[in-house]
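What follows is a single structure, written as structure tokens, with notes after it.
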Amino acid sequence: MHLSEDNALNLLDGRALESELPVWTSHLEDCTDCHEQLNFWREMLVNLNRSHLESAPEPLIRNAHAIFQAGRARLPKLREMRQVLASLIFDSFTQPALAGARGTSSAGSARQLVLRAEEFDIHLRIWGSAEQRRITGQVLPRGESSFVGGANLHLMRDGERCGSASVDNFGEFEFPFVPEGTLNLQVDLPHLTIVGALILT
Ligand SMILES: [Zn+2]
């Protein structure tokens, strides 16, 4: 028997039955899929605990769940195409002083976010408000002077794509029409998919 999401979450938050632990422990040593699934949920929980986005854990989990399931169906070999969750490391809404120090006053009313996953930073500027909102941004490999060779980006809401974009030669991209709500930004790099949560109100 493979690990279900309930099993994984129970194991991670200590609610699993003690009698089940030896079974799962030995299964996880042999089964890559279940190992990946457990890692996925562990990162998800860490991400949720760490983020400033306390208002929306439920929809976040639903979104991530939908993406994860879609990813599993499309890509049977998870090891070849890894998916990681981005952490929100900067948000000018919650760090206005730092935003000023970074010289964002010239950026008008744009909200700036930086998402980070592994060796990539994703810089986002969110312009406008509910009726007319767009996002511009850049995918930057950290510690390298080069730009990303190519990436496709998708905005996801409730597991459905609601916008797509590609990076240019400088790693820059734009979503001209952005709906409100709890969105996930999915960045498809050649061997890595990064997913980051965006709460837009
Ligand atoms: Zn398994």
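Whatever order the structure lists them in is the order used to number ligands and atoms, beginning at 1.
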Original post:
Under a single-linkage definition using a 4.5 Å side-chain heavy-atom cutoff for Ile, Leu, Val, Met, Phe, Trp and Tyr, are L9 and M1 assigned to the same hydrophobic cluster?
Top reply: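 Yes, same cluster.
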Notebook entry, point to check: Out of curiosity, E29 CD to W24 CH2, how far, rounded to the nearest 0.5 Å?
Noted result: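 Spacing of CD (E29) from CH2 (W24) equals 14.0 Å.
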Can you tell me how far apart CZ (R133) and CZ (R111) are? Round to the nearest 0.5 Å.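 Answer for the CZ-CZ pair, R133 versus R111, is 8.5 Å.
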Quiz item: Does CG belonging to D30 count more than 12 external heavy atoms closer than 6.0 Å?
Solution: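 For D30, atom CG is crowded (more than 12 foreign heavy atoms under 6.0 Å).
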(message) Using the rule given for side-chain hydrogen bond (donor to acceptor under 3.5 Å, both in side chains), can you reason through D188 versus Q186, listing the C-alpha separation, both sets of side-chain angles and the distance that settles it, and then say yes or no?
(response) CA-CA 6 Å; D188 293 335; Q186 179 181 332; 3.0 Å; yes
Inset, instruction - With sequence neighbours excluded, tell me which residues meet ring pair (Phe, Tyr, Trp, His ring centres under 6.0 Å) with F170. - result: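 For F170, the residues satisfying ring pair (Phe, Tyr, Trp, His ring centres under 6.0 Å) (neighbours in sequence not counted) are F147.
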### Task
Just the protein N/O/S atoms under 2.8 Å from the Zn ion (ligand 1), please, no waters.
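Sorted hits: H2 ND1, H27 NE2, C31 SG, C34 SG.
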